[in-house]
Amino acid sequence: MKLTAALKEWAVAVEALERGETIVLLRKGGIREEGGRFSVTHRQALLYPTYEHQKPELLDPDYKEKVTPVESGWHPETIQLGAWAEITDILPVSDPSELTALLPYHIWNDRMVGDRLKWKPRSPLYVLLLRTHKLQQPQIVAYRPEYGGCRSWIDLAAPISLEASAPVLSDSDYNNQVAAIRNLIDKEF
């Protein structure tokens, strides 16, 4: 199987997903999202690390030191893709207490979560649960202008093979985390 679809996310979050430290991404959508709101257009996507807009002050203390802020518009000439993910659950959340309960499960701090919830207050914040798989070999792709901008999804110019990729968490570890998260935010299975 090969993929061209890629989900853009802060590099520090992609690294945490690749190490199995989290299965959670929080999304409300980028400025250039179609229709001005976030939607899941692909259930399987490569994880495309971004560097612009990473702010240490919005991260859990364990992740602050892993970010070097860059100037607006900066991007590397090449991007290393090391993983892909299946989005197994999409959970809309509007209740601040549910998001507070999720703090141990992701890399952001309460300020970031609160700010994201307040932005476009009529739209929920989406909790995405990702089953991440490491590629057998990281793939290097050249940056292209069409990969830039504040949007969640991009299509790569060339497909990336998923052959011999492996999940970063066992089935039981992943399923236990999903169950715990669903229990915290009171969503039906």
Measure up the His75 and Tyr143 rings against each other and bin them: parallel (under 30°), tilted (30 to 60°), perpendicular (over 60°).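 Judged by the thresholds at 30° and 60°, the geometry between His75 and Tyr143 is parallel.
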Can you say whether the rings of His106 and Trp108 are parallel (under 30°), tilted (30 to 60°) or perpendicular (over 60°)?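 The rings of His106 and Trp108 sit tilted, inter-plane angle from 30° to 60°.
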In this structure, would [X] and [Y] fall into the same cluster of hydrophobic residues linked by side-chain contacts under 4.5 Å?
{"X": "Val12", "Y": "Tyr51", "value": "no"}
{"X": "Leu17", "Y": "Ile160", "value": "no"}
{"X": "Leu46", "Y": "Val141", "value": "yes"}
{"X": "Leu184", "Y": "Val127", "value": "yes"}
{"X": "Tyr48", "Y": "Ile23", "value": "no"}

Test side-chain contact (heavy atoms from CB on, under 4.5 Å) on Trp119 and Leu125; report intermediate values, then the result. CA-CA 9 Å; Trp119 185 66; Leu125 185 63; over 6 Å; no
[X] versus [Y], closest heavy-atom pair with distance:
{"X": "Lys2", "Y": "Pro159", "result": "CB-CB, 3.8 Å"}
{"X": "Asn109", "Y": "Leu103", "result": "C-CD2, 3.9 Å"}
{"X": "Pro49", "Y": "Val14", "result": "CA-CG2, 4.0 Å"}
{"X": "His133", "Y": "Arg131", "result": "CD2-O, 3.2 Å"}
{"X": "Trp153", "Y": "Ser39", "result": "NE1-O, 2.9 Å"}
{"X": "Trp10", "Y": "His53", "result": "CZ2-O, 2.9 Å"}

Test side chain to side chain donor-acceptor pair (under 3.5 Å) applied to Ser165 - qualifying residues, sequence neighbours left out: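 Here the qualifying residues are Trp84.
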Sequence-distant partners of Asp62, side chain to side chain donor-acceptor pair (under 3.5 Å), two or more places apart: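 So Asp62 forms no side chain to side chain donor-acceptor pair (under 3.5 Å) with any residue.
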Indicate yes or no for a side-chain donor-acceptor contact from [X] to the backbone of [Y] under 3.5 Å, with no hydrogens or angles considered.
{"X": "Glu52", "Y": "Gly73", "result": "yes"}
{"X": "Gln139", "Y": "Gln137", "result": "yes"}
{"X": "Asp110", "Y": "Thr100", "result": "no"}
{"X": "Asn183", "Y": "Ala179", "result": "no"}
{"X": "Glu9", "Y": "Leu25", "result": "no"}
{"X": "Lys28", "Y": "Arg116", "result": "yes"}
{"X": "Arg111", "Y": "Leu58", "result": "no"}
{"X": "Gln54", "Y": "Ala11", "result": "yes"}
{"X": "Thr132", "Y": "Ala85", "result": "no"}

Run Leu7 and His42 through side-chain contact (heavy atoms from CB on, under 4.5 Å) and show every step you take. CA-CA 9 Å; Leu7 176 61; His42 305 282; over 6 Å; no
Could you give the distance from [atom1] ([X]) to [atom2] ([Y]), rounded to the nearest 0.5 Å?
{"X": "Leu47", "Y": "Glu15", "atom1": "CG", "atom2": "CD", "value": "11.5 Å"}
{"X": "Leu162", "Y": "Leu3", "atom1": "CG", "atom2": "CG", "value": "4.5 Å"}
{"X": "Glu98", "Y": "Leu91", "atom1": "CD", "atom2": "CG", "value": "9.5 Å"}
{"X": "Ile87", "Y": "Tyr126", "atom1": "CD1", "atom2": "OH", "value": "12.5 Å"}
{"X": "Leu129", "Y": "Arg182", "atom1": "CG", "atom2": "CZ", "value": "7.0 Å"}

Show, in sequence, the C-alpha distance, side-chain angles and deciding distance for Tyr147 and Ile79, and conclude whether the side-chain contact (heavy atoms from CB on, under 4.5 Å) test is met. CA-CA 11 Å; Tyr147 299 165; Ile79 305 291; 5.8 Å; no
Let me see the working for Lys66 and Asp60 under salt bridge (Lys or Arg N to Asp or Glu O under 4.0 Å), right down to the final yes or no. CA-CA 11 Å; Lys66 297 178 182 183; Asp60 179 272; over 6 Å; no
Could you check whether any side-chain heavy atom of Glu163 comes within less than 4.5 Å of a side-chain heavy atom of Gln136, counting everything from C-beta outward?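 No, their side chains stay 4.5 Å or more apart.
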Side chains of Ile154 and Lys8 in contact at under 4.5 Å (non-hydrogen atoms):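 Heavy-atom side-chain distance check passes, below 4.5 Å.
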State which residue, out of Ile181, Leu102, Leu130, fulfils the side chain to side chain contact (heavy atoms under 4.5 Å, CB included) condition with Val24.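 Considering Ile181, Leu102, Leu130, a side chain to side chain contact (heavy atoms under 4.5 Å, CB included) with Val24 is found only for Ile181.
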Counting only heavy atoms from other residues, nucleotides and ligands, does the tally under 6.0 Å from NZ of Lys118 exceed 12?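 Counting other residues, nucleotides and ligands, NZ of Lys118 stays at 12 neighbours or fewer.
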So, Glu57 and Lys55, do they make that salt bridge, N to O below 4.0 Å?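 No, no charged N to carboxylate O under 4.0 Å.
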Thinking salt bridges, do Arg144 and Asp155 make one under a 4.0 Å N-O criterion?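 Salt bridge flag = no for Asp155 with Arg144.
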